[in-house]
Amino acid sequence: MTLDSRYDILFDPVRIGPKTAKNRFYQVPHCNGGGYRDPSAVAEMRRTKAEGGWGVIFTEQTEIHPSSEITPFIEQHLWEDKDIPALARMAEAMKSHGALAGIQLAYSGINGPNLYSRDVPLAVTGGPILTFTSDPVQARTLDREDIRDLRRWFRNAFRRAQTAGFDLICLYGAHGFGIFQHFLSRATNQRTDDYGGSLENRARFLREVIEDAREETRGELAITYRMSLHEDGPYGFSNAEVRDFVEMHGDLPDLWDLAHGTWEACSGTSRFKDEGAQEDLVRGIKALTSRPVVGVGRFTSADAMVRQIRSGILDFIGAARPSIADPFLPKKIEEGRIADIRECIGCNICVSGDMTGAISRCTQNTAFMEEWRKGWHPERPRPKGPSTSVLVVGAGPAGLEAALQSARRGYQVTLAEATTTLGGRVARERLLPGLSAWGRVADYRTGQIAPMTNLDVYRDSRLTADDVLAMGAEHVAIATGASWRRDTVARLHLHPIPTDPAMPVFTPDDLMAGAGPSAGRVTIYDDDHFYMGSVLAELLISRGCTVDLVCPATKIAEWTTNTLEQGIIMRRMLDIGVNVIVNKAPETIGAGEVTLACTWTGRTETLPADAVVMVTSRTPHDTLYQDLRARQGEWEAAGIRSVKLIGDAAAPGPIAWATYAGRRFAEELDQPDDRGDTPAFRREVAALDPLPSRLPA
Ligand code: ADP
Ligand code: SF4
């Protein structure tokens with residue numbers, strides 16, 4: 001029973017083949033950038049989800065065989081028995097609070113370049129590898145003997161998954177990443193044998209492998225199928241064909257796990273996709289099968305979840321990002337603590353951790369992937385140390401998180417903010433086109449802070465060094481943020497370029513404050529390469545300007561490849577009539593024109609402009625910190641033991657970097673500081689195998 005009976009339905013147990021999930025909260029497989037390199041970090045991350053009440057918890061993509069791997073992306077391996085212990089650790093963590101543990105098995109086929117294993121990639125139909133990185137590698141077409149091998153490799157993986165302790169096996173056939181989809185789709189299956197042609201034939205491999213899975217696991221494990229809901233293009237596995245397929249094979253897997261087409265389409269950012277955006281593609285599929293159905297949609301609203309179940313669209317609420325932002329989402333709903341839910345903001349910074357081969361972070365859940373590395377927990381604070389008082393200056397993402405986490409630990413916290421509004425940059429950015437969800441960074445924290453009796457907030461309080469010394473808190477965090485530069489200095493230009501003072505030049509801060517052009521032809525120069533340039537282009541178009549978006553890289557917003565947005569941003573720019581100019585950067589700025597130089601040849605051309613907006617780099621606001629450092633001799637008398645510069649005031653970066661810095665400040669209060677002589681996090685170092693008896697001479 002939940003506190004609010006409206007949500008009871010979300011806590012019904014649901015059968016999945018031979019297993020029963022304790023509720024309808026289903027953490028679908030998601031990457032985390034740690035994978036096989038950081039097994040304990042991943043296991044402890046999953047444990048927090050078990051603790052937080054999820055009924056089903058999955059691993060990320062687990063590669064079953066070295067003939068198909070997706071280096072440089074770091075997922076899991078189940079290639080030999082040696083890989084079992086790491087996954088067994090994860091399964092144990094997942095099951096620690098009564099959740100079912102699932103493993104997603106993948107054979108990447110046409111998606112895996114095998115840069116690490118160096119095996120020749122094998123695909124349903126051979127051809128160039130289809131992935132993010134245009135690797136100069138082709139796959140060979142699987143022959144009948146290969147298909148037999150592949151079935152055997154899957155059997156080996158099923159056996160190992162069962163030994164590792166998993167309850168559910170998910171066969172990956174979504175996002176263009178899994179071979180089952182490559183068989184099903186006429187785009188990637190051009191075979192003429194009995195695995196190609198008709199839908200019945202294209203489904204043969206999946207049918208065979210599911211039979212093999214049941215046999216190999218003696219029917220003890222549930223076998224689920226993760227499938228793309230729609231592929232574009234004339235040969236794509238369209239939503240209509242998906243429905244035919246489910247109708248023909250309704251009872252084939254023990255559960256249908258539905259995901260939108262490409263990963264970009266499935267995990268759209270909040271800028272481009274609302275909660276529940278896949279509903280049209282999912283509705284009606286449940287009626288075609290007696291098996292339960294799970295779907296995703298960045299669900300964070302308990303009411304939206306209940307509606308999905310009550311209206312017969314889904315049986316399980318699938319979640320990757322909402323489970324990352326708040327591993328305790330189910331528990332909070334169960335306990336009626338709706339206001340405590342830390343809602344995902346849909347920024348895809350978590351995805352960028354996987355895309356860059358780093359470890360993932362989350363803008364909202366600062367403990368994500370630090371549960372084992374640093375012992376941080378998404379909900380439970382570390383006990384406080386011997387000192388008492390903390391002053392945080394600046395209430396942006398860094399300051400809000402520093403104050404909240406310090407107060408949770410039990411310190412007496414004062415938070416001083418120069419303006420009337422809490423939130424810093426997110427208070428401004430949330431007003432930009434498509435970025436309203438950014439506001440959740442501030443809303444969650446201000447909501448949590450409000451009832452706290454050991455945290456005092458002072459607005460309209462711009463502190464000076466004298467103020468800080470007079471307040472005499474033992475620990476001080478300076479989180480005073482940064483502002484955008486008004487010149488071209490960033491990556492390409494390390495020094496300013498000649499600029500005629502007659503040309504009006506604006507910054508993103510000006511535009512966010514409502515200033516800047518509202519007509520005429522505007523050049524936006526973007527050497528930031530993240531979201532701001534294209535967002536401001538949208539803003540200026542909506543104000544009635546003509547916009548030239550100039551960028552020195554070969555594509556605009558190139559870092560947003562890592563947040564799965566680059567393609568959709570480019571499309572949006574073209575759709576709204578922005579003139580996109582790549583491979584060029586301003587060389588001089590005149591009164592009514594900008595002289596652009598080609599990044600590669602240096603050849604110049606002029607571009608007429610009534611105004612220029614610089615989206616280049618940011619200047620940290622560290623004056624207060626520097627003033628305090630200069631007066632370090634007065635700290636002791638004032639009662640101050642430490643002063644730290646955090647967030648954008650130290651080094652401007654994405655919002656997630658700022659919330660992380662705030663968390664780190666709070667976690668490290670009263671901890672000995674060895675000034676970096678040892679790593680600030682735990683790490684696993686590969687255990688060495690014995691040397692082989694014969695080494696090359
Ligand atoms: P971050 O992303 O690092 O949190 P922001 O720029 O979002 O940085 O937030 C910094 C906040 O600090 C802003 O709300 C700003 O008004 C506030 N601030 C700047 N200087 C002072 C100061 N001297 N005293 C109090 N608040 C300040
Ligand atoms: Fe959501 Fe952003 Fe956190 Fe990912 S990083 S879970 S998108 S808030």
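Please read these numbers as outputs of a predicted model, since none were measured by experiment. Both counts, for ligands and for their atoms, begin at 1 and track the order of listing.
Glu343 pairs with exactly one of Arg440, Arg298, Arg321, Lys332 by the salt bridge (Lys or Arg N to Asp or Glu O under 4.0 Å) rule, that one being Arg440.
Within the structure, ring pair (Phe, Tyr, Trp, His ring centres under 6.0 Å) contacts touching residues 613-660 (residues at least two apart or in different chains) are Trp376-Tyr660.
Checked by atom type, the side-chain pair Gln76/Gln104 shows no donor-acceptor distance below 3.5 Å. Side-chain polar atoms of Arg46 and Gln27 form a donor-acceptor pair below 3.5 angstrom. Checking Asp326 against Gln364 by side-chain atom types alone, no donor-acceptor pair falls below 3.5 Å.
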Listed pairs under 3.5 Å, donor-acceptor, residues 351-358 side chains, sequence neighbours left out:
from   : atom 1 : to     : atom 2 : distance (Å)
Ser352 : OG     : Ile349 : O      : 2.6
Thr356 : OG1    : Ser352 : O      : 2.7
Thr356 : OG1    : Gly353 : O      : 3.4

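Residue-level contacts of ligand 2 at the 4.0 Å heavy-atom threshold are Arg321, Ile324, Ala325, Cys344, Ile345, Gly346, Cys347, Asn348, Ile349, Cys350, Arg361, Cys362, Thr363, Gln364.
The closest side-chain heavy-atom distance from Val457 to Glu417 is not below 4.5 Å.
Note that CG of Leu564 and CZ of Phe272 are 11.5 Å apart. Values are rounded to the nearest 0.5 Å. Taking CD1 of Ile655 as the start and OG1 of Thr363 as the end, the distance is 6.5 Å to the nearest 0.5 Å.
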Inventory of protein N or O atoms under 3.5 Å from ligand 1 N or O:
from     : atom 1 : to     : atom 2 : distance (Å)
ligand 1 : 2 (O)  : Asp648 : OD2    : 2.7
ligand 1 : 3 (O)  : Asp648 : N      : 2.7
ligand 1 : 4 (O)  : Pro397 : N      : 3.1
ligand 1 : 4 (O)  : Ala398 : N      : 2.8
ligand 1 : 7 (O)  : Arg425 : N      : 2.7
ligand 1 : 12 (O) : Ala479 : O      : 3.4
ligand 1 : 14 (O) : Glu417 : OE1    : 2.7
ligand 1 : 14 (O) : Glu417 : OE2    : 3.0
ligand 1 : 16 (O) : Glu417 : OE2    : 2.6
ligand 1 : 23 (N) : Leu463 : O      : 3.1
ligand 1 : 24 (N) : Leu463 : N      : 3.1
ligand 1 : 26 (N) : Ala418 : N      : 3.0

